[in-house]
Amino acid sequence: MMLGVGAVGAGFAVAGPPATPEAPVAAACTAEAASIVPDDGTLLGVNLDWASETLEEHRTYLDHAPAVAVQFSDVPYDRETWEHTVSAVTQMKANGGVLLLTLEPHAGLAAMSDEVVATLADDLRDVNEQGVAVVLRFAHEMNGSWYAWGQQPTAYVETFRRVAAAVHAEAPGTAMMWAPNYGGGYPFTGGQFAALPGSADYAALDTDGDGTLTMTDDSYLPYFPGDDAVDWVGVSLYHWGNQRPWGNNEVPEDGKFLAMLTGTYVGTAGDDAAVPDFYTVYGVEHDHPVAVPETAAIYTPSRGGAAELDIKRAWWRQVFSSETHERFPQLKMVNWFEWDKYEIEIDDEVDWRAAGAADVRDAFVTDLPSWLRYAEDVSTCEE
């Protein structure tokens, strides 16, 4: 999760959820990835802080079972690390719905050997055979300069395609998600892994051929692995504030969410008119279901400004507006980032949650529209 406005920082590590007693569920079946895309409406999911809240607790607090739950893991992984994902699977079996597994190759793309990929495919097949469908978000934000897999388009595409080929062959209940960082602020200069002038990667990213990387270069296309390797496309969209310094408590501008999704945002946070229309290009033209794997609006408790409820409600009313539903039928998944955490980008604690304070939770639940889909609406198994 990055600002998408040129700021750079480190990702966060998630230890994984604690195991909880498994509730009685229907007999196991082999999940089918294609069955999880709703014919109508959008899956509402949660990016949960598993260490502080179980999925059951979250479900009870909001009085609905999320259709998607997000888990992060490093890759390559050892058995102990994989057990964190197994714990998430246990909770998903009781909740229902889909596991969005975000795999982060912090050792670099070269660490994704054929053996590592084969082990991953085998482990995902085991999860699918327990009746849990998975959407695999592999090496997200690859167009950024802050991750070890960033701004290496040739190696990234080759690696993604190898992972996709193995997953598609061995784990039919797992779909592949391609998820770049929102292109505002591209090419995110100054990061540890930024492409260097004169390198082959730099040349490949110079899509307008003017010899330098700027916002006029396509921030998505050089990293696209191909339609045969991609099942879902996703881009995370956050409200980090209206202008620098980021992190202040400010009500988002009207229309900001959909403008970011379509590459038409021009406002107090900057001019992003050069950013491609992610929804139209990859959802409509490439015909993939579109996800917003993470979204939320910033509230920094230590700072003054607008009230928490005013900020967050203004954002979710954009995300879940009738216009969103009517104009963007390919938008099939939205996951709220339900964390209270320190953010290195602003050197402060941020409460992103929609289900933290009771008044915010109540307003959130009240505003959720009828076109959202929950765990009970998701059929993960072949009939």
Side-chain angles (χ1 to χ4, degrees), residues 1 14 16-17 31 33 35-50 52-73 85 87-103 127 132-138 140 173-179 231-238 257 261 283 288-297 312 315-316 318-320 324-325 328 330-339 352-356 361 364-365 367-380:
M1 177 186 72
V14 178
S35 67
I36 67 177
V37 182
D39 293 330
D40 179 60
T42 301
L43 304 176
L44 177 61
V46 61
N47 195 316
L48 194 65
D49 179 1
W50 301 90
S52 64
E53 185 179 19
T54 67
L55 196 53
E56 180 180 6
E57 289 169 339
H58 183 76
R59 180 176 69 238
T60 300
Y61 192 50
L62 269 72
D63 197 29
H64 69 246
V68 185
V70 182
Q71 161 73 356
F72 283 76
S73 178
T85 299
S87 295
V89 171
T90 298
Q91 295 194 38
M92 292 304 300
K93 288 166 67 176
N95 180 81
V98 183
L99 181 68
L100 177 62
L101 178 59
T102 299
L103 288 184
V127 171
V132 175
V134 177
V135 175
L136 179 60
R137 182 170 59 154
F138 174 73
H140 69 310
T174 298
M176 295 293 299
M177 178 182 285
W178 174 70
D231 302 302
W232 285 75
V233 296
V235 60
S236 294
L237 302 174
Y238 284 89
F257 173 78
L261 182 62
H288 293 297
V290 177
V292 177
E294 304 172 26
T295 193
K312 294 178 179 179
W315 185 248
W316 73 56
Q318 292 188 32
V319 176
F320 303 125
T324 300
H325 179 52
F328 302 96
Q330 287 291 96
L331 182 60
K332 298 296 186 181
M333 179 193 298
V334 174
N335 303 323
W336 195 271
F337 191 74
E338 195 67 16
W339 280 72
W352 297 102
R353 298 172 297 173
R361 182 273 317 270
F364 180 68
V365 172
D367 280 350
L368 294 176
S370 61
W371 48 267
L372 292 176
R373 302 291 176 255
Y374 303 97
E376 61 268 24
D377 302 311
V378 180
S379 174
T380 60

Show the nearest heavy-atom pair for residues [X] and [Y], with the distance to one decimal.
X: Glu338; Y: Ala354; value: OE1-N, 2.9 Å
X: Ser236; Y: Val292; value: CA-CG1, 4.4 Å
X: Pro293; Y: Arg137; value: CB-NH1, 3.4 Å
X: Leu237; Y: Trp315; value: O-CZ2, 3.7 Å
X: Trp352; Y: Ala296; value: CE3-CB, 3.6 Å
X: Val70; Y: Trp50; value: O-NE1, 2.9 Å

Regarding [X] and [Y], do their side chains bring together a donor and an acceptor under 3.5 Å, going by distance alone?
X: Asp40; Y: Trp371; result: no
X: Trp339; Y: Ser52; result: no
X: Asn47; Y: Trp336; result: no

Evaluate the side-chain proximity of [Y] to [X]: yes if any heavy-atom separation is below 4.5 Å, no if none is.
X: Val290; Y: Phe328; answer: no
X: Val127; Y: Met92; answer: no
X: Leu101; Y: Val135; answer: no

Q: Kindly indicate, with the supporting measurements, whether the criterion side-chain contact (heavy atoms from CB on, under 4.5 Å) is fulfilled by His140 and Thr102.
A: CA-CA 8 Å; His140 69 310; Thr102 299; 3.7 Å; yes

Working to the nearest 0.5 angstrom, can you tell me the gap between [X] [atom1] and [Y] [atom2]?
X: Asn335; Y: Glu294; atom1: CG; atom2: CD; answer: 8.0 Å
X: Leu372; Y: Phe320; atom1: CG; atom2: CZ; answer: 5.5 Å
X: Glu56; Y: His58; atom1: CD; atom2: NE2; answer: 13.0 Å
X: Met176; Y: Trp232; atom1: CE; atom2: CH2; answer: 14.0 Å
X: Thr380; Y: Lys93; atom1: OG1; atom2: NZ; answer: 11.5 Å
X: Asn95; Y: Leu55; atom1: CG; atom2: CG; answer: 4.0 Å

Q | Phe337 and Tyr238 aromatic ring geometry - parallel, tilted or perpendicular at 30°/60° bounds | A |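 Aromatic pair Tyr238/Phe337 classed perpendicular.
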
Q. In terms of side-chain geometry, is the basic nitrogen of Glu53 or Arg353 positioned less than 4.0 Å from the acidic oxygen of its partner?
A. no

Q.
Is there a side-chain contact (heavy atoms from CB on, under 4.5 Å) between Leu62 and Arg361? Walk through the geometry before answering.
A. CA-CA 7 Å; Leu62 269 72; Arg361 182 273 317 270; 4.3 Å; yes

Q: Examine Phe138 together with Trp178 and report whether their ring centres are nearer than 6.0 Å.
A: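 That pair fails the under 6.0 Å test.
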
Q: For the pair Gln91 and Thr54, evaluate side-chain contact (heavy atoms from CB on, under 4.5 Å) and give the outcome as yes or no after the intermediate values.
A: CA-CA 8 Å; Gln91 295 194 38; Thr54 67; 3.8 Å; yes

Q.
With side-chain contact (heavy atoms from CB on, under 4.5 Å) as the criterion, how do Val98 and Val378 come out once you've worked through the C-alpha distance, each side chain's angles and the decisive distance to 0.1 Å?
A. CA-CA 8 Å; Val98 183; Val378 180; 3.8 Å; yes

